[in-house]
Every structure is written in C-alpha cells, then in structure tokens.
Trainee: 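Below are the structure tokens for one structure; questions will follow.
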Amino acid sequence: MSANSSYAAAGVDTAAGDLAVELMKEAVARTHTSNVLGGVGGFAGLFDLSFAKDYARPLLATSTDGVGTKVAIAQAIDKHDTIGQDLVGMVVDDIVVVGAKPLFMTDYIACGKVVPERIASIVAGIARACADTGTALVGGETAEHPGLLGVDDYDVAGAAVGIVEADRLLGADRVADGDVVIAIASSGLHSNGYSLVRHILAEKKIGFTDHSDELGASWGEALLEPTRLYTGPLVKLLENDRLASSVHSLSHVTGGGIAANLARVLPVGSWVELDRSTWSPLPVFRVLSDLAGSTLESSEGTWNLGVGMFAVVAADQATAIIDELAVLGLDAWRTGTVSIGARDLAGFEQGAKGVDGGAVRLIGSYAS
C-alpha cells in the first residue's frame, strides 16, 4: 500500500486538499501586490518590506483571532461564503486600532474532511475581505482532522501583520480631557456572543432554517450577516493630513462588550459616560433579547448592540471626523466625552484583559 493510500485509509484525502488549493488560487492571487513574492502553495509567504526604509521608526503590529461558534451556523445551513469576511474583520480591525496599516495575512482551516468547494468558498471570502482592506493573503493551511472533527465540521483562524510609524501610534497616552467619543455602527453581531445566541434559540426550539418575520430572513441567514470591515475607511482617515492627528485612540468592540473594550484605550484616571440614547440597537439584538426575556442592557458585556468601533478624537475636529467617516461609508455619531479627574466610579467598568485603562459606564435608555 502506498503512503498516500495509507493516509486515505486513515481518513485524510490529500487529493481533495490539492483540488481545494486549485479552486482558491485565483481569489488569493487577486490580493497580491508587487510586494508579495512567489505564488500560492509555498512553505512560507514572502512579503517585500523594503519600503519600510522610508519610515523613521517603523513598528510592526500583529494580531490573531478566529470566528468562534458563528461557524456552527454556517455549517448548519451550509453557507460558507461570509465566514471569511468575519475572520478578516476580527484580525485586521484589531491592527488598525493602533493606527497600523495591515500588510499581509495568513489563514488556518481545520476540518473533519476536506470538501474542496467548501474550503474554496471560505478562502474566497477571506480573499475578498483582504482585498477590501488592502491586505495581501500570502499563505494558509488546511488541515484534515478525521476522528477529531466531524466530516462537516471546521474551524477557522488567521493572523496578520501591519505597519505604523512610531510617532503615529494610537493609544491611551494620546487621549486628553474633553476628547469626544465617537461610536461607529456595526452591521450586526459580528463574531461575538454566538454561544449565547445559540443557547437562546435552542431554548425556544428555533432552528437556523426557520424564518423570522421580524428579521425578514431565516435565522441562519440573519445571523450570518458578515462583520463590517473598518480597516479600509480608517486607514484612509489616518492618512488624511487634516484629520489624522486628531484621532487619538480607537477601540474594536469584540469579546467583552461595549464598556470594557473602550476602557482599554483610555488612560488611567479618565472616565466616560456613554449615552445610550444616541443610538438604537439593531433589530437582531432586540429580537434576541425579547426571546431571552432579558433587557438590552444585560447584554452590553456580550454583544456590540450596534457599535462595532469607537474613535476617541479631539473635540474641535469631532464633527469633521464624523462627516469624513460618512464619506468613507461608515455611520458614526457622538456618544460621550472623556473626563480626567477624581470622581466616584461606582458602576463603571474599569480596564479589561489585563489593561489598567480608564473607566466607562453606559447611561440613559436606548433610542427606540
């Protein structure tokens, strides 16, 4: 018995893997610029960094993430063309938070069985989102794990690298008293809180193929609404000579929810009260909360509730930045003001994920 046939007997189909690569090559190639060396299928991706010599002090930024249990919904309704955008959003939108421009990304797909068309659909979604964010997809890996994962099961992860000039690095140290907090709209759940979503639907015995009149689609289709990509517009904003210096910090609202993620990019000793009345949570959040018999406020630490990114900016340029974000395709609005000074912080969320940041709490009631 040959080595390949022995591997096949163990449940690994190398020929299917090769076909998957052939199916995805064109989509991947479209993300490549002249900085990418070599093609698809090498042992390592190569990226020409010689342009960095024009930087006074170039800093590389890196991030890695996955999509979480959202993939279970994609698998349940056999729709795999949007998960890739979710992955890219989770990774590169963390990179732009520090002011960096993403350069390249790699992906990893673990599955129980390689179905070439399915893998190609996932990677095509990754490639489209990479192209939309100016990120080269320089490599990846698809690994078949029979016995560990079911034949229709898979998980995705990715990592990316970006670059920023040291003196343009964004962060809490730039934030000043009186800065305005701008909320930037999300497209839906993005890729966080899906374990809670699945629990709510299971409790109500709602299937992902069941139609939701309130959402105007099947539950599965509504819940697979892809993550909004912020990187492209934000990179353009940060390249705007008139406005860039007025952007002091950015926060990507992912796991941990609204207050905790903003607190991470505020300085120690600062505090912000976010006014809920400045936005109306998207219907998907309202419907899920109603099903669970809970309040929107109780899910603020799990779901983004319609805010996918925050920008902390100089007060005198807040309106101009909101207007520019609109031109760049992002809906944004004022939702709070940074204060620095002693006060009673009872009820505030302070820091998160090991960061001793500022303090944040939400006040008021959501707009209807």
Side-chain angles (χ1 to χ4, degrees), residues 93-94 96-99 167-186 230 234 237-238 242-281 295-326 330-367:
D93 285 344
D94 275 0
V96 78
V97 159
V98 300
D167 64 5
R168 303 191 77 165
L169 189 68
L170 303 182
D173 60 305
R174 289 181 175 249
V175 175
D177 188 52
D179 276 0
V180 169
V181 178
I182 293 173
I184 307 176
S186 71
Y230 299 98
L234 289 176
L237 176 66
L238 296 173
R242 180 174 59 91
L243 298 174
S245 63
S246 295
V247 181
H248 296 159
S249 70
L250 296 169
S251 173
H252 191 194
V253 182
T254 57
I258 297 171
N261 279 294
L262 179 58
R264 294 165 67 187
V265 300
L266 298 176
V268 173
S270 69
W271 53 272
V272 174
E273 291 180 320
L274 301 178
D275 185 358
R276 295 186 183 100
S277 71
T278 59
W279 83 93
S280 177
T295 64
L296 289 167
E297 290 80 4
S298 69
S299 62
E300 290 168 347
T302 304
W303 296 331
N304 67 63
L305 294 180
V307 179
M309 186 79 73
F310 286 109
V312 184
V313 308
D316 63 347
Q317 292 288 1
T319 298
I321 289 171
I322 290 170
D323 290 344
E324 182 64 17
L325 288 171
L330 295 177
D331 183 24
W333 61 93
R334 295 173 184 242
T335 189
T337 302
V338 176
S339 297
I340 296 178
R343 68 154 291 165
D344 179 8
L345 295 176
F348 282 74
E349 186 111 21
Q350 299 183 65
K353 297 192 177 181
V355 176
D356 294 326
V360 179
R361 73 173 176 181
L362 283 81
I363 61 171
S365 301
Y366 287 110

Trainee: So which heavy atom on A263 is nearest to which on E349, and how close?
Mentor: CB-O, 4.0 Å
Trainee: Quick one: sort the Y366 and W279 rings into parallel, tilted or perpendicular, breaks at 30° and 60°.
Mentor: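 Judged by the thresholds at 30° and 60°, the geometry between Y366 and W279 is perpendicular.
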Trainee: Measuring only between side-chain heavy atoms, which start at C-beta, is V265 closer than 4.5 Å to V175?
Mentor: no
Trainee: Compare every heavy atom of L296 with every heavy atom of P281, then report the nearest pair and how far apart it is.
Mentor: CG-CD1, 3.9 Å
Trainee: Given side chains that start at C-beta, do those of T337 and V181 come closer than 4.5 Å, heavy atoms only?
Mentor: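 No, side chains not in contact.
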Trainee: Hey, does the side chain of D177 reach the backbone of I340 with a donor-acceptor pair shorter than 3.5 angstrom?
Mentor: yes
Trainee: Give me the atom names and distance for the closest heavy-atom approach of R242 to A320.
Mentor: NH1-CB, 4.0 Å
Trainee: Taking the side chain as everything from C-beta on, heavy atoms only, tell me whether L237 gets closer than 4.5 Å to E324.
Mentor: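 When only atoms from C-beta onward are counted, E324 and L237 do touch, with a gap below 4.5 Å.
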Trainee: Atom CG of L330 and atom CD1 of I182: how far apart are they, to the nearest 0.5 Å?
Mentor: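 The CD1 atom of I182 is 11.5 Å from CG of L330, to the nearest 0.5 Å.
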Trainee: Nearest 0.5 angstrom please: Q317 CD to I322 CD1, how far?
Mentor: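 Answer rounded to 0.5 Å: 11.5 Å.
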Trainee: Go through W303 and S186 one step at a time and tell me if the side-chain contact (heavy atoms from CB on, under 4.5 Å) criterion holds.
Mentor: CA-CA 11 Å; W303 296 331; S186 71; over 6 Å; no
Trainee: Answer yes or no: is there a side-chain heavy-atom contact under 4.5 Å between W271 and V360?
Mentor: no
Trainee: Return the CG to OG distance between D179 and S249, rounded to the nearest 0.5 Å.
Mentor: 7.5 Å
Trainee: Looking at every heavy atom in both Q350 and A359, which two are closest together, and how far apart are they?
Mentor: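 Closest approach of Q350 to A359, heavy atoms only: CG-CB, 3.7 Å.
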Trainee: Is a donor from one side chain sitting under 3.5 angstrom from an acceptor on the other, for N261 and S251?
Mentor: no
Trainee: Side chain of S280, backbone of A367: donor and acceptor closer than 3.5 Å?
Mentor: yes
Trainee: Looking at every non-hydrogen atom in both residues, tell me the closest pair between D93 and V96 and how far apart they are.
Mentor: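 Closest approach of D93 to V96, heavy atoms only: O-CG1, 3.5 Å.
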Trainee: Can you name the one residue among L234, L250, L170 that meets side-chain contact (heavy atoms from CB on, under 4.5 Å) with V97?
Mentor: L250
Trainee: To the nearest 0.5 Å, tell me how far I321 CD1 sits from L243 CG.
Mentor: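 CG of L243 is found 5.5 Å from CD1 of I321.
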Trainee: Which pairs count as salt bridge (Lys or Arg N to Asp or Glu O under 4.0 Å) when at least one residue sits in residues 254-281, sequence neighbours excluded?
Mentor: E273-R343, E273-R361, R276-E300
Trainee: Taking C-beta and beyond as the side chain, do V253 and F310 meet within less than 4.5 Å on heavy atoms?
Mentor: yes
Trainee: Test side-chain hydrogen bond (donor to acceptor under 3.5 Å, both in side chains) on R168 and S245; report intermediate values, then the result.
Mentor: CA-CA 8 Å; R168 303 191 77 165; S245 63; over 6 Å; no
Trainee: Please check: side-chain N/O of D356 versus main-chain N/O of V268, any donor-acceptor pairing under 3.5 Å?
Mentor: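 Such a contact is absent between D356 side chain and V268 backbone.
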Trainee: Just wondering, do L262 and V312 contact through their side chains at under 4.5 Å, heavy atoms?
Mentor: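 Yes, their side chains come closer than 4.5 Å.
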Trainee: Side chains of V313 and H248, heavy atoms from C-beta outward: is any pair under 4.5 Å?
Mentor: no
Trainee: In Å, rounded to the nearest 0.5 Å, how long is the span from CE of M309 to CG of N304?
Mentor: 11.0 Å
Trainee: Look only at the side chain of S299 and the backbone of T302, and say whether a donor-acceptor pair between them is shorter than 3.5 Å.
Mentor: no
Trainee: Heavy atoms only: give me the nearest A244-L238 pair and the separation to one decimal.
Mentor: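 Nearest heavy atoms, A244 then L238: CB-O, 3.3 Å.
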Trainee: If you define the side chain from C-beta out and look only at heavy atoms, does anything of D331 sit under 4.5 Å from I184?
Mentor: no
